[in-house]
Every structure is written in structure tokens, then in C-alpha cells.
Q: 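Right, I'll just put the structure down here and ask away after.
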Protein chains: 2
Amino acid sequence: MVKYQKISNEIRKRIADGYYSSDQPIPDEITLAKEFGCSRMTMKRALDILVSEGVLFRKRGHGTFIIKSCMQNTINVVDRETLGLSNLLKGKDVTSKVIKFEVKFPSEEVAEQLSIDRTTPVYEVIRLRIVDKEPYVIEQTYMPTTLLPGINETVLHSSVYKYITETLGLTIAGSHRKIRASKPTQLDQEYLECAPDDPVLEVEAVGFLNNGSPFEYSFSRHRYDKFVFTTVNIRR
Amino acid sequence: MVKYQKISNEIRKRIADGYYSSDQPIPDEITLAKEFGCSRMTMKRALDILVSEGVLFRKRGHGTFIIKSCMQNTINVVDRETLGLSNLLKGKDVTSKVIKFEVKFPSEEVAEQLSIDRTTPVYEVIRLRIVDKEPYVIEQTYMPTTLLPGINETVLHSSVYKYITETLGLTIAGSHRKIRASKPTQLDQEYLECAPDDPVLEVEAVGFLNNGSPFEYSFSRHRYDKFVFTTVNIRR
DNA sequence: CAGTGGTCTAGACCACAAT
DNA sequence: TTGTGGTCTAGACCACTGT
């Protein structure tokens, strides 16, 4: 943990604790820098994190203020989903049922999203993720076999994320995602136990490693009553 | 436009033009800094923007690389929705039908989200937004009358965003959003012209000004076949 | 004018990875 | 060891705001 992160965490904690009034600006950057024994640039960087999180905002010529509406927020359900569901819901009882596990040549769409050609085999995995005994999400995932060798049912039953990062020593860099509402498929109705008129929240994602290669193209279909996707949007 | 933005734009353009090979790292920060006549910190900042956009990623000890999967992306449908729908769909024919326009005391939930007490009147607006003659989204919006005086039917028929920024001279700072799938209500079916089993994509948002005050609490309900929410997620 | 945040610099040292 | 990006500094100057 580097200095700007420590400072950022401390300020975040202070805000949560009500240490600073939300009607007044927090102390100016130079004062805070002195308090934390760092340069103004480092202080600014610590505050930048909180601005990007939607906790603080700045007003040039005025000061830095707390965004009131950030307090009454529930848990951030997503926004860090590339950490893998097992991590996201740490503390919960997460299990997986493997519905499909095959190796095949990719469709044109899948090949394009994974930046591979159609002769590179991919895993096709369909898994039902179960949280505290309740069906939570059905994930359909395509992964290049070349990039992620050695995936098997054992891996699928625990954590693919863990396998990629720990066993293969790869680093996940991020993802591009699309979110839409959808009608339930037969599979959804069967495994998510939803009614024919229950909508489904679908998250389409391309995940990529820190070497730039897409490592997964996935469709996560969630029960509409158990999943909310949250984001923060800060204008610049 | 400041230096790091100009540089950032130039690099983005080069990537789009295929000026840099996506298999090789782009030139290192010091080399680029020399080329652009800036310090390394400024160069880093320019590249930071592209990293946050999911265009580049860095690998310590290696270099900075292009994310291949960023190329085949369609238009970013959202992510800048705080600009207002009129701006988002510029060039399209956007009209509004005002379904409800009242002033009332807020419910507990609305008061909490807007950080006001229950004695501060709010506008309640329900608008159908129509894009190129097709129903696009129903927005139910609550706004404090104190913060946004003078809203009327004329404003609602053009752009509330424009009214807030230009007429009132306020600055929109950002928003917190939650996205979920939902069953269609009677209102949805009537105005969005969707079937009883067509799902709806709902975006719940709290928008806030650059003085930290929440200025709107809204529910935007979209036809499932006409709206996709896109995001980029970069790990740090 | 004074006080705030925004940008930019030149340079130092650290962390990581390949050679 | 070399070369990369990551962090941090001390200070300069600019832009905006309210007095």
C-alpha cells in the first residue's frame, strides 16, 4: 500500500465517520498535505481517488466538498466484478453447477470478441452460480484454450479467477461490459427458477489480461430480483 | 484544452489510425515526452486517460500496450448520460411528451435521496422521450424546487439539462446509478408500447451538482430492445 | 486582492521484468 | 544490469472565485 492510497483510505474513513462537515469544504490541499507529511501532488492524487469514487468533488477557487448523496448508498454490488464472483461475494456460500463444458471452434462473433481466428479452439462453459443455496446467475463463457490451458471441471467448481491469477500467474486488467434486459430463455427458467415473464439482467463482458489479450467473452444472466448493477459517473 | 488532453487525443487518433502496432508496446514514456515536448509526468497523465478509457494498459517493466478488444466496439451508448438525452442523441430527432408534472412534498425515500427534508417541495415529472418517432424511454424524475426554480412545461419539452446549465448557470458534477431489469408497468406498456412480457431496463440515478447537492432522483425505464448500457472497468 | 484547485516541470528513487 | 512504468517531491505558474 503506497502513500496516496493510505491517505485516501484515511480520508474516506473520516468522511464515513462524519469527521468532516458535509456543508463545509474539507481542509485545502496544502493544509492536508502538511498534516499527512506529503507533497501537494500526492495529496491531490489521494483526493483524486475519492473524486473518482463519487465521494468528493472539487470547485476551483472554492475548495473540496463531500458529496452528500454518496452516504446513503447500499453496497456496491458490482463495479469490481472482474475480481470474480467468488471474491465479490466473499463470506457468502458460493457454489457452482457446471451445465456445459466443451471445447469447440468459435463462432465468428466469439472469435472476433476474443481477437482470435476461427481455428483456435475455445472452451464453452455454462455455469450456474449458487449463493447461499439460491440460484444467482447463469454464466455462459468462452475462453481461448491457448491462453488459459488446463481448465477442467475442478477449476470450474471453484474459482476460474483464482486459477487464472494464481495457478497461471496471469493478471486481469479489466473489462468492457454491456448491460441489457432480456426475456428469460428456457435455460434461465430452468436453472434460475424464474417464471416465463420474469425479466433477466444480462451483462455481456469481454475481459482482458494485462497483456491486452481478451481472455473471456461472457454472458451473465441474473435474476431480476437479486441483482443490481451500480456505477458512478463523474464528469470531467 | 490543456496539454495532456491534446497529447491524449493525438495518441488516441494514432491508435485508431493503426499508427502503432498492437503487438508491440508503444514508445516508452520518456521517448514520447520528448516527442511531445513535455515532462514525463504530463506524458503519463495523457496516457492515464487512455488507460482509464480501456484503450491502453501498462505492464511495469515492459511497456504500454494497446488493448485489442477496444477496437471492435460499437458506440458507447451511455456513460455520459448526465449530459442529458438531448445531447446524447444529438443529430436524432428527440421530442418529449409530458405525462405528469406536479409539485408535491417528497416521500421519505425521495427526500433522503435528494438530501432534503420532507417539507421541501419537489417537482415530480414523468416524461416519455421519443427518438425518431419511436418511444425510447420513460423518465420519472424528482427535483427539489428550491434548487431548480422555474421549471415549467416549456423546459420539459426541450432540455432540462440545458435549462440547468445555461439558464440557471449550474454545473452538473456526476451521478450515482443503479441498473436493473424490471417487469413492465401499466405506464410502460402504454407509452413504451411494449408487451406485458417485455422486460424493461431501469436506470435509477441520483445526479448531483458541483456544489454537492443532489438535483435529481430519477428512474429511466427503457425498452429492452432499444437500449444497452455500456461501461469500461479497469483494475488498478 | 487572497485563497482555492489545475497544470506542468525536472528530477529523484522504487518496483518489476527481461537479459 | 538495463529499461520499463510507479511514486513522490518542491516548486512554479495559471484559472477561477469571492472579498
Side-chain angles (χ1 to χ4, degrees), chain A residues 1-11 20-21 23-52 55-67 165 168-174 209-212 234-236, chain B residues 1-11 20-21 23-52 55-67 165 169-171 173-174 209-212 234-236:
Chain A
M1 179 90 72
V2 290
K3 191 183 272 197
Y4 72 83
Q5 287 173 316
K6 286 181 197 156
I7 296 173
S8 177
N9 289 341
E10 170 61 21
I11 304 270
Y20 296 120
S21 160
D23 297 322
Q24 297 287 6
I26 66 172
D28 67 273
E29 295 177 345
I30 294 175
T31 304
L32 285 171
K34 275 182 196 155
E35 181 195 337
F36 286 101
C38 66
S39 70
R40 185 180 159 216
M41 283 298 281
T42 300
M43 195 62 229
K44 188 183 288 294
R45 188 161 181 187
L47 297 178
D48 276 344
I49 293 177
L50 301 176
V51 169
S52 76
V55 172
L56 293 177
F57 67 93
R58 297 192 177 99
K59 221 175 154 182
R60 186 188 290 201
H62 281 271
T64 303
F65 301 77
I66 296 168
I67 290 170
T165 55
L168 295 179
L170 302 172
T171 304
I172 296 172
L209 301 175
N210 75 342
N211 63 10
I234 306 292
R235 303 271 304 282
R236 7 171 215 216
Chain B
M1 176 93 70
V2 290
K3 193 183 270 196
Y4 72 84
Q5 287 173 315
K6 285 180 197 156
I7 297 173
S8 178
N9 289 343
E10 170 61 21
I11 304 268
Y20 296 120
S21 161
D23 297 322
Q24 297 287 3
I26 67 172
D28 67 89
E29 295 177 347
I30 294 174
T31 305
L32 285 171
K34 274 182 195 153
E35 181 195 337
F36 287 100
C38 67
S39 71
R40 186 179 157 218
M41 284 298 281
T42 300
M43 196 62 229
K44 189 185 288 294
R45 189 161 181 189
L47 297 177
D48 276 344
I49 293 177
L50 301 176
V51 169
S52 77
V55 172
L56 293 177
F57 67 93
R58 297 192 176 99
K59 221 175 154 180
R60 185 187 286 198
H62 282 271
T64 303
F65 300 78
I66 296 167
I67 290 169
T165 56
L170 302 172
T171 305
L209 301 174
N210 76 342
N211 63 9
I234 306 292
R235 302 273 303 281
R236 9 172 211 213

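Since this is a predicted model, take the numbers as computed values, not measurements. Just so it is clear, the values below take in all heavy atoms, side chains as well, and ignore hydrogens, waters and symmetry mates.
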Q: Kindly give the heavy-atom pair with the smallest separation between B:Y4 and B:A46, and that separation in Å.
A: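 Smallest interatomic distance, heavy atoms only, reads O-CB, 3.4 Å.
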
Q: What is the minimum heavy-atom distance between B:F65 and B:K59, and which atoms define it?
A: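 Where B:F65 meets B:K59 most closely, the heavy atoms are CE1-CB, 4.2 Å.
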
Q: Measuring from atom CG of B:L56 to atom CD1 of B:I49, what distance do you get when rounded to the nearest 0.5 angstrom?
A: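 Separation between the atoms: 11.0 Å.
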
Q: Could you please spell out the steps behind the side chain to side chain contact (heavy atoms under 4.5 Å, CB included) verdict for A:I26 and A:L47?
A: CA-CA 11 Å; A:I26 66 172; A:L47 297 178; 4.1 Å; yes

Q: Taking all heavy atoms of B:P25 and all of B:G63, pick out the closest pair and write down the distance.
A: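 Looking at all heavy atoms of both residues, the shortest contact is CB-CA, 4.3 Å.
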
Q: Can you name the closest pair of heavy atoms from A:I7 and A:C38 and give their distance?
A: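 So the minimum-distance heavy-atom pair works out to CD1-SG, 3.8 Å.
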
Q: With side chain to side chain contact (heavy atoms under 4.5 Å, CB included) as the test, would you mind laying out the steps for B:I67 and B:V55 before giving the verdict?
A: CA-CA 5 Å; B:I67 290 169; B:V55 172; over 6 Å; no

Q: List every contact pair, protein side and nucleotides 14-18 of chain C side both N or O, where the distance is under 3.5 Å.
A:
from   : atom 1 : to    : atom 2 : distance (Å)
C:dA15 : O4'    : B:R60 : NH1    : 2.8
C:dA15 : O3'    : B:R60 : NH1    : 3.2
C:dA17 : O3'    : B:H62 : NE2    : 2.5
C:dA18 : OP1    : B:H62 : NE2    : 3.2

Q: Locate the shortest heavy-atom distance separating A:K44 from A:R58; write the atom from each residue and the value.
A: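 Here A:K44 and A:R58 meet closest at O-NH2, 3.1 Å.
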
Q: Identify the 5'-most and 3'-most nucleotides of DNA chain D with at least one atom closer than 4.0 Å to a non-hydrogen atom of chain B.
A: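 Listed 5' to 3', the contact boundaries are D:dG3 to D:dC8.
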
Q: Donor-acceptor check, side chain of A:K3 to backbone of A:G37, threshold 3.5 angstrom: yes or no?
A: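 Answer holds: yes.
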
Q: Identify the heavy atoms of B:P27 and B:L32 that sit nearest to each other, and give their distance.
A: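 The answer is O-CD1, 3.3 Å.
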
Q: What are the residues of residues 32-48 of chain B, sorted by number, that bring a heavy atom to within less than 4.0 Å of DNA chain C?
A: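 The answer is B:G37, B:C38, B:S39, B:R40, B:M41, B:T42, B:R45.
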
